[in-house]
Amino acid sequence: MSDRLEPPKRYKRGTDIKPVEQLTSEERIIKKNNPLSFLKSDIFTLGGMDIPFFALTMALLTIGLVMLFSASYPYALQHRGDSYYYFNRQLIFALVGVVAMLVASKLNYKLLKVIVKPLFAVTVLLLIIVLFYHTDNGDFKRWIPIGGFTLQPSDIAKFTVILTLAAYCSKYYDKMKHPIHGIVYPLLIIALFCGLIYKEHHLSCTILVFCIGASIMLTAGTNGKLFLVGAGVVVALIAVVILYPDVLMNYAGKRVEAWLDKGFDPKGLRWQTNNSLYAIGSGGLFGVGLGNSKQKFLYVSEPQNDFIFSIVCEELGFFGAALIILLFALLFIRGIQIAVKCKDKFASFIVIGIVSQVAVQTALNIMVVTDTIPNTGIALPFFSYGGTAIMMLLFEMGVVLSISRKSNQKKV
């Protein structure tokens, strides 16, 4: 995976999109007359996209929409007066997201280098704005109201972190073993986003962003020994949090207490987790049947969100849940294959960041609903309700598909 696919002298000034020797005679004339111009081939990419990755994405999206409707209609009818409220909105965002995915899959991924700095600035600005201007949702400061919809900056931040670190690590790839370039600078980027997201009272996303950053750093060649030292520090911090939950913000500390003490506030902080476990246990091997969940009838709070997987387990059973987990695993594996086959480090790091985001987020969500870790409020990709989240996720899938067109990955 070489970041310098061709010697620098083979590129015209103003663009590193297409090597000069690959230009047609007509394109050479255009470039000679205007070196700063972009050709059609600079903007759009040719070649077939990776069909297995696309098929896995659409399969997860389709199953996710079906399960969202099944899980949400009682809650939607009770609180919104319309059984289709969450499904209809999610369907609209999903359709927009699919269009964004297909468009992104045709765009040359190298154009992303142009937007790294502007996107970084806009995302940081949004993360600051949401701390002061947000929906009235208790202690949580996660959503910016825009008309009848809301924007969640942390969903954009996940992609921004991936893009920023991919650009940084590909540029300083030869220096990633150095403590300053390989540890300090990348951690400063990660810490900026994690700090702002944590101020939103969004602990789960804070953890997720950190894991995304760590996966890219490790893949980029960060000194292994220093990385292990950092991992040890993180483990030590987790141990401190478990032993002394009060060191966290009040809402997060209480959730850790509720996780440690199974009898803690059964009608409050433990309510959602307890009913999630009831739902999972009720599903057995084969489930109670699609649409037949009992726990979604106002027992599992807001079942269309973070705890939708518990309804999946209840209705589809162990085998249905295992099949969905298998689809996520196959998506991750196929993404890694695309990254490994790609010759451009910038592209490879982007793919690794995106598929790591999906994998880590899925794992954390399942661990939450099974009470393996504290309830941190993390969504299940493709399944949980959230307009910004599904659109950004599908756009990211489009970026992976764009990169797959340029990789040596065999299309089947």
Side-chain angles (χ1 to χ4, degrees), residues 1-5 15-18 42-45 47 49-50 52-54 56-57 97 100-120 122-123 154-173 176 182 185-186 189-190 193 208-222 331-362 381 389 391-409:
M1 297 186 300
S2 174
D3 191 44
R4 301 178 181 87
L5 298 181
T15 177
D16 61 351
I17 300 294
K18 189 173 182 179
D42 293 336
I43 299 174
F44 300 101
T45 186
M49 66 181 177
D50 193 79
F53 191 88
F54 175 75
L56 288 166
T57 298
M101 176 178 67
L102 295 175
V103 171
S105 73
K106 287 296 295 179
L107 294 177
N108 194 324
Y109 70 85
K110 292 185 178 181
L111 294 173
L112 293 173
K113 286 186 177 181
V114 179
I115 68 168
V116 172
K117 291 181 179 179
L119 182 62
F120 181 90
V122 169
T123 304
S154 57
D155 285 324
I156 301 173
K158 289 180 284 189
F159 180 66
T160 303
V161 167
I162 292 170
L163 207 59
T164 304
L165 287 176
Y168 174 87
C169 292
S170 60
K171 181 177 181 180
Y172 295 102
Y173 181 75
M176 289 301 292
Y185 289 157
I189 295 172
I190 296 170
F193 286 97
L208 178 59
V209 168
F210 179 83
C211 291
I212 292 170
S215 66
I216 295 176
M217 287 173 60
L218 184 61
T219 307
T222 293
L331 185 78
F332 174 76
I333 293 170
R334 193 64 181 184
I336 294 298
Q337 290 175 342
I338 292 171
V340 169
K341 294 291 184 179
C342 187
K343 296 180 180 180
D344 186 348
K345 288 187 176 65
F346 174 66
S348 292
F349 296 151
I350 290 177
V351 176
I352 288 168
I354 290 174
V355 297
S356 295
Q357 171 194 325
V358 176
V360 172
Q361 189 169 338
T362 300
M391 286 194 300
M392 283 302 304
L393 180 60
L394 289 171
F395 172 77
E396 290 173 359
M397 297 300 102
V399 172
V400 175
L401 291 172
S402 172
I403 292 170
S404 75
R405 295 179 190 272
K406 291 290 187 179
S407 73
N408 291 330
Q409 177 67 33

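Basis for what follows: all heavy atoms, side chains included, without hydrogens, waters or symmetry-related copies. Bear in mind that the values here come from a model prediction, so they are computed numbers and not experimental data.
- Annotation: salt bridge (Lys or Arg N to Asp or Glu O under 4.0 Å) contacts involving residues 351-360, sequence neighbours excluded, are absent.
- The minimum heavy-atom distance between Phe193 and Ala157, with the atom names listed, is CD2-CB, 4.1 Å.
- With a 4.5 Å cut-off on side-chain heavy atoms, Phe159 and Leu119 count as touching.
- Looking at Phe54 and Met101, their side chains come closer than 4.5 Å, going by heavy atoms from C-beta outward.
- Val355 places none of its side-chain heavy atoms less than 4.5 Å from the side chain of Leu331.
- To the nearest 0.5 Å, atoms NZ (Lys158) and OG1 (Thr123) are separated by 12.5 Å.
- In terms of heavy atoms, Gly97 sits closest to Leu394 at O-CB, 3.4 Å.
- Without hydrogens or angle criteria, Arg405 side chain to Ser105 main chain gives a donor-acceptor distance under 3.5 Å.
- A 4.5 Å side-chain heavy-atom check between Met176 and Cys169 finds at least one atom pair inside the cut-off.
- Formation of a donor-acceptor pair under 3.5 Å by the Thr222 side chain with backbone atoms of Gly182 is found in this model.
- Under the 4.5 Å side-chain criterion, counting only non-hydrogen atoms from C-beta, Gln337 is not in contact with Asp50.
- With hydrogens and angles ignored, the 3.5 Å screen pairs no side-chain donor or acceptor of Asn108 with any backbone N or O of Leu111.
- Rounded to the nearest 0.5 Å, atoms CD (Gln357) and OG (Ser215) are 9.5 Å apart.
- Counting heavy atoms from C-beta outward, Asp344 and Tyr109 have side chains that approach closer than 4.5 Å.
- Counting only heavy atoms from C-beta outward, the side chains of Phe120 and Leu163 never approach each other to under 4.5 Å.
- The shortest heavy-atom contact between Thr219 and Ile352 is CG2-CD1, 3.0 Å.
- Note: Tyr173 and Phe346 fail the aromatic proximity criterion, with ring centroids not under 6.0 Å apart.
- When all heavy atoms are compared, the tightest approach of Ala100 to Phe395 is O-CD1, 4.2 Å.
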- Task: Assess whether side chain to side chain contact (heavy atoms under 4.5 Å, CB included) is satisfied between Glu396 and Val358, documenting all intermediate values.
- Result: CA-CA 10 Å; Glu396 290 173 359; Val358 176; 5.5 Å; no
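- For the pair Thr164 (side chain) and Val161 (backbone), a donor-acceptor distance under 3.5 Å is absent.
- Side chains of Pro186 and Leu165 form a contact here, defined as non-hydrogen atoms less than 4.5 Å apart.
- Formation of a donor-acceptor pair under 3.5 Å by the Thr57 side chain with backbone atoms of Phe53 is found in this model.
- The two residues Val351 and Gly335 have their closest heavy-atom pair at CG1-O, 3.1 Å.
- Contact detail for Ala166 and Ile350: the closest heavy-atom pair is CB-CG1, 3.6 Å.
- Of the possible polar contacts, one joining the Ser348 side chain to the Ala339 backbone as a donor-acceptor pair under 3.5 Å is found.
- Annotation: the span from Asp155 atom CG to Met392 atom CE amounts to 7.5 Å, rounded to 0.5 Å.
- Distance check, rounded to the nearest 0.5 Å: OG1 of Thr160 to CD1 of Ile115 gives 8.0 Å.
- Put simply, the side chain of Ser404 gets close to the backbone of Leu401: a donor and an acceptor are under 3.5 Å apart.
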